[in-house]
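The next block holds one structure in the form of structure tokens; read it before the comments.
In the text below, chain A, chain B and the rest are named by the order of the sequence lines, each starting its count at 1.
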Amino acid sequence: MSLMDLFKKKNSGDIAKDRLKLVLISDRANCSPDVMEMIKNDIIQVISKYMEIDAEGLDIQITQTESEGNNGNVPALYANIPIKDMKHTGPAR
Amino acid sequence: MSEVIVITSGKGGVGKTTTTANVGTGLAQLNKKVVLIDTDIGLRNLDVVMGLENRIVYNLVDVVEGNCRMKQALIKDKRYPNLSLLPSAQTRDKTAVSPEQMIKVIEELKEEYDYILLDCPAGIEQGFKNAIAGADRALVVTTPEVSAIRDADRIIGLLGANELKKVELIVNRLRMDMVKRGDMMNINDVTDILAIDLIGAVPDDEQIVISTNQGEPLVGSDCLAGKAFENICHRILGEDVPFLDLEIKTSIWDKIKEIFKKN
């Protein structure tokens, strides 16, 4: 335990607020895990046409991002898609 | 013109019934004619919180099914001549009443009362649908906890979907000592997240437990929670009342008293 840990430690009130913000974004977007799974599968299909990706390692979630033009934060679909091979290997040419 | 207000929360145990009892009593103290309806069929509680449990003869389901006249089911509170309670049934379930029947009951009560307060059950099923059917205005009660706020957000969404436009927030059971050291979300955090107008903030107060034990709402009494509920009543009437300074408890005088208590 160093002195720095004391400063780094976040208040549990702030943790609660951050967690709530995230959970409410997906609640409000009405994205059930089923829907998310469907989106994920479609993304895998589309991207696979152009490059080889790691379907197992693919991660998608709805988060918040700062909107460019106007006020504050807007929901955003975040996708982390690990690429195995940039070369095209799929059947479509 | 009478106004129909539903007190709801989604989550159970956040203080809907206590709020209904205190706001109802407070409005009656301000010389409004008020009727409280307990819509939690099967789990009635508003009667005990109000201290009127021994006077129940007929209930909401009896009125709906035509077993009695409205006047026979209404319990007049002897402490406040303007205040009545329509108790819920304890031995039936939520399906005993439909939203249409609730609206009919409310229409009949509108003729005589200025304010009709509906104590909503927890959840988002039939009981909730019954409670909000005839309402013009909703008070959403929450506590500064993740579970209660998440449920409140869901409820706010459902109220919007049911075209209930006037929706206001009560943040209940605030512990200012915890807020101060950052271990509880503060009022601004909660209103930021839920993005609706705040109509009241009620501190966690031992007096609430005591008043519920006694069956006497504490609105208007000389404690922070009593004042907070009184202010909510004024705001319901459209008055602009400043929010209480809830940190009053940590005054120097209180600190001195604390020191003496410890010794």
Test log, rule side-chain contact (heavy atoms from CB on, under 4.5 Å), inputs M176(B) and V179(B): CA-CA 5 Å; M176(B) 293 318 290; V179(B) 171; 4.3 Å; yes
side-chain contact (heavy atoms from CB on, under 4.5 Å) between D85(A) and M51(A), intermediate numbers included: CA-CA 6 Å; D85(A) 193 350; M51(A) 57 190 73; over 6 Å; no
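Taking both residues in full, the closest heavy atoms of V219(B) and G26(B) are given as CG1-N, 3.5 Å, listed atom of the first, atom of the second, then distance. Minimum interatomic distance between L224(B) and D205(B) (heavy atoms only, all atoms of both residues): N-OD2, 3.7 Å. Across all their heavy atoms, M185(B) and A16(A) have their closest contact at CE-CB, 3.6 Å. The nearest pair of heavy atoms linking D93(B) to I41(B) is O-CG2, 3.4 Å. Minimum heavy-atom separation, N172(B) to G15(B): ND2-CA, 3.7 Å. Considering every non-hydrogen atom in both T39(B) and L60(B), the closest pair reads CA-CD2, 4.4 Å.
Of the atoms belonging to M184(B), it is backbone heavy atoms, and not side-chain ones, that fall under 4.5 Å from chain A. For R181(B), the part lying under 4.5 angstrom from a heavy atom of chain A is the backbone only.
When the shell of 6.0 Å around CG of N213(B) is examined, it contains more than 12 heavy atoms from other residues, nucleotides or ligands.
Chain A is approached within less than 4.5 Å, heavy atom to heavy atom, by no residue from residues 225-242 of chain B. Of residues 187-200 of chain B, those residues lying under 4.5 Å from chain A by any heavy-atom pair are D189(B), D192(B), I193(B), L194(B). Residues of residues 124-150 of chain B lying within less than 4.5 angstrom of chain A, judged on heavy atoms, are V146(B), I149(B), R150(B) in numerical order.
Side-chain polar atoms of D40(B) and S88(B) form no donor-acceptor pair below 3.5 angstrom. Checked by atom type, the side-chain pair S48(A)/Q45(A) shows no donor-acceptor distance below 3.5 Å.
A donor-acceptor pair under 3.5 Å is absent between the side-chain atoms of N11(A) and the main chain of D14(A), judged by distance alone.
When each of N45(B), T17(B), T8(B) is paired with D119(B), the side chain to side chain donor-acceptor pair (under 3.5 Å) condition holds for T17(B) and for no other.
With sequence neighbours excluded, no residue satisfies side chain to side chain donor-acceptor pair (under 3.5 Å) with N22(B).
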